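Notes for the one structure printed next.
No experiment lies behind these values; they were computed from the predicted model shown.
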Amino acid sequence: MTLLERLHRAGMREVVTVQPVTGGLAALAGIATRRAAPPVFVKAFADPLADDVFVAEAEGLAALRELGGVATPEVVLADQDLLVLSVLRARPRSEVFWEQVAHLLAHLHLSTTHPRFGWHRDNWLGRRRQINTWNDDGFAFFAEHRLLRWLDQPRVEAALDAEDRAALERLCDRLPDLLPVRPACLTHGDLWAQNVLATADGQPALIDPAVSYTWAEVDLAHVWSTSPPPEARRMFEVYAELTSLDGDWETRMPVIQLRQHLAVLAQFDDDWGAADQIRAVVAPFRTRS
């Protein structure tokens, strides 16, 4: 069923055409032209994953906006088949814009600290469910629900040998030695550069969240590790100043980004080097004869 057919079935008969767009990895997407109304962005999965996928995403957008003061697109429709949003602009290529992103993220992370790690429901990271069961211990939460949860996925089992997986388990046991104690805060959860857009007046806006209360550096690591544009370098400097981030933060990024490398490896035939990145990070935890 095409996106146009799904929109009509959902009651949006004013839509006349849908122009496909690219950039995302998991879903079909397009810009829908409507009679006597502004265009909207629409996305769906070729094969629906579960009834709650888009409802959970819409809730995540609302949480970022209402709890964290983040600009997000307006939700026009969210049901089991598709998500319809107001259209945002492409982000400008400027250091000033990324400085604004730094202020946005710092406010989000500093203003939403929480005593526990998790979220009141599971949601979705791409085409896989993100487990958000509450935990008082950030290290245990990250190990169980962000790293080890991927080990039984078929693509992960095929790409990582038994010693690689054992090394990841040893790394999880050592997380308190590798990472500092940090509070939980509301995080976007899937913050690569493609999910940073702009409002009509050029201010930063975020899309495609997989929210939870966890370490702020989950968001930082994702931007850092997914080839951000050169002008984004200023974002990290400003964010560090605003949040009093210690000077060792860059050394932690590979460990924290393991969660995204594992998620990519679990979902896509082309892992864009994720398996190699995982093996490199866990290498010190392999047994030596």
Side-chain angles (χ1 to χ4, degrees), residues 6-7 10-12 23-24 26-27 29-32 34 37-45 48-89 91 100-101 103-134 145-146 183-216 218-219 222-223:
R6 294 192 190 199
L7 287 163
M12 297 187 66
I31 300 296
R34 300 187 289 173
V40 289
F41 173 85
V42 56
K43 76 173 184 178
F45 291 101
L49 301 180
D51 290 349
D52 66 336
V53 174
F54 294 128
V55 172
E57 182 172 336
E59 181 190 76
L61 291 169
L64 290 172
R65 181 175 59 253
E66 295 167 8
L67 301 178
V70 174
T72 62
E74 175 190 351
V75 177
V76 178
L77 174 69
D79 65 17
Q80 65 184 34
D81 290 324
L82 75 170
L83 180 67
V84 182
L85 305 171
S86 61
V87 176
L88 295 172
R89 292 173 47 187
R91 66 177 184 271
Q100 294 170 334
V101 175
H103 282 269
L104 175 152
L105 288 179
H107 176 76
L108 169 66
H109 295 154
L110 294 175
S111 67
T112 60
T113 56
H114 195 275
R116 305 188 74 195
F117 292 78
W119 190 241
H120 70 94
R121 66 183 295 167
D122 293 344
N123 45 30
W124 293 78
L125 183 61
R127 299 179 62 88
R128 294 292 185 274
R129 188 173 291 277
Q130 177 169 270
I131 309 301
N132 292 320
T133 306
W134 291 108
H145 300 312
R146 297 297 182 261
C185 66
L186 183 62
T187 57
H188 176 281
D190 195 9
L191 193 64
W192 63 314
Q194 290 291 101
N195 286 342
V196 181
L197 296 177
T199 62
D201 60 357
Q203 297 300 304
L206 304 183
I207 62 169
D208 290 352
V211 300
S212 67
Y213 287 109
T214 186
W215 294 319
V218 165
D219 283 344
H222 203 167
V223 185

Residue pairs passing the side chain to side chain donor-acceptor pair (under 3.5 Å) test with at least one member in residues 65-76, sequence neighbours excluded, are R65-T72
Looking only at non-hydrogen atoms, find the nearest pair between F117 and P183 and report the distance.
CZ-C, 4.0 Å
Can you give me the closest heavy-atom contact between N123 and A210, atom names plus distance?
ND2-C, 4.0 Å
Among all residues two or more places apart in sequence or in another chain, which pass the ring pair (Phe, Tyr, Trp, His ring centres under 6.0 Å) test with W119?
Y213
Correct closest heavy-atom pair for G202 and Q100 would be O-OE1, 4.0 Å
With rounding to the nearest 0.5 Å, note down the distance linking OG1 in T187 to NE2 in H222.
11.5 Å
When you measure from the side chain of Q203 to the backbone N and O of A71, does any donor-acceptor pair fall under 3.5 Å?
no
Taking all non-hydrogen atoms of both residues into account, name the closest pair between I31 and P39 and its distance.
CG2-CB, 4.0 Å
Scan for ring-ring contact (aromatic ring centres under 6.0 Å, His included) pairs involving residues 51-72, sequence neighbours excluded, and state none if there are none.
F45-F54
Under the ring pair (Phe, Tyr, Trp, His ring centres under 6.0 Å) test, which residues partner H103, sequence neighbours left out?
none
Distance, nearest 0.5 Å, that separates CG of L64 from NE2 of H188
6.0 Å
Got V76 and L85 here, is their nearest side-chain heavy-atom distance under 4.5 Å?
no
For S111, which residues count as a side chain to side chain donor-acceptor pair (under 3.5 Å) partner, sequence neighbours excluded?
none
Would a 4.5 Å heavy-atom cut-off, applied to side chains only, mark D122 and H145 as touching?
no
Do D208 and K43 have side-chain heavy atoms sitting under 4.5 Å apart?
yes
Taking all atoms of both residues into account, what is the closest heavy-atom pair of L108 and L186, and its distance?
CG-O, 3.6 Å
With a 4.5 Å cut-off on side-chain heavy atoms, are P209 and L61 touching?
yes
Counting C-beta onward and ignoring hydrogens, is there a side-chain heavy-atom pair between P73 and V87 closer than 4.5 Å?
no
Scanning both residues in full, the closest heavy-atom pair of R91 with A198 reads CA-CB, 4.1 Å
Gap between atom CD of Q130 and atom CH2 of W124 - 0.5 Å precision:
11.0 Å
Enumerate the residue pairs fulfilling side chain to side chain donor-acceptor pair (under 3.5 Å) with a member in residues 79-89, sequence neighbours excluded, ordered by first and then second residue.
R9-D81
Euclidean distance, D52 CG relative to E59 CD, rounded to 0.5 Å
10.0 Å
Do the non-hydrogen side-chain atoms of L82 and M12 ever get within less than 4.5 Å of each other?
no
Any side-chain donor-acceptor pair under 3.5 Å between D219 and H109?
yes
Heavy-atom check, side chain of V223 versus side chain of V196, under 4.5 Å
no
Which value, rounded to the nearest 0.5 Å, describes the distance between L105 atom CG and C185 atom SG?
10.0 Å
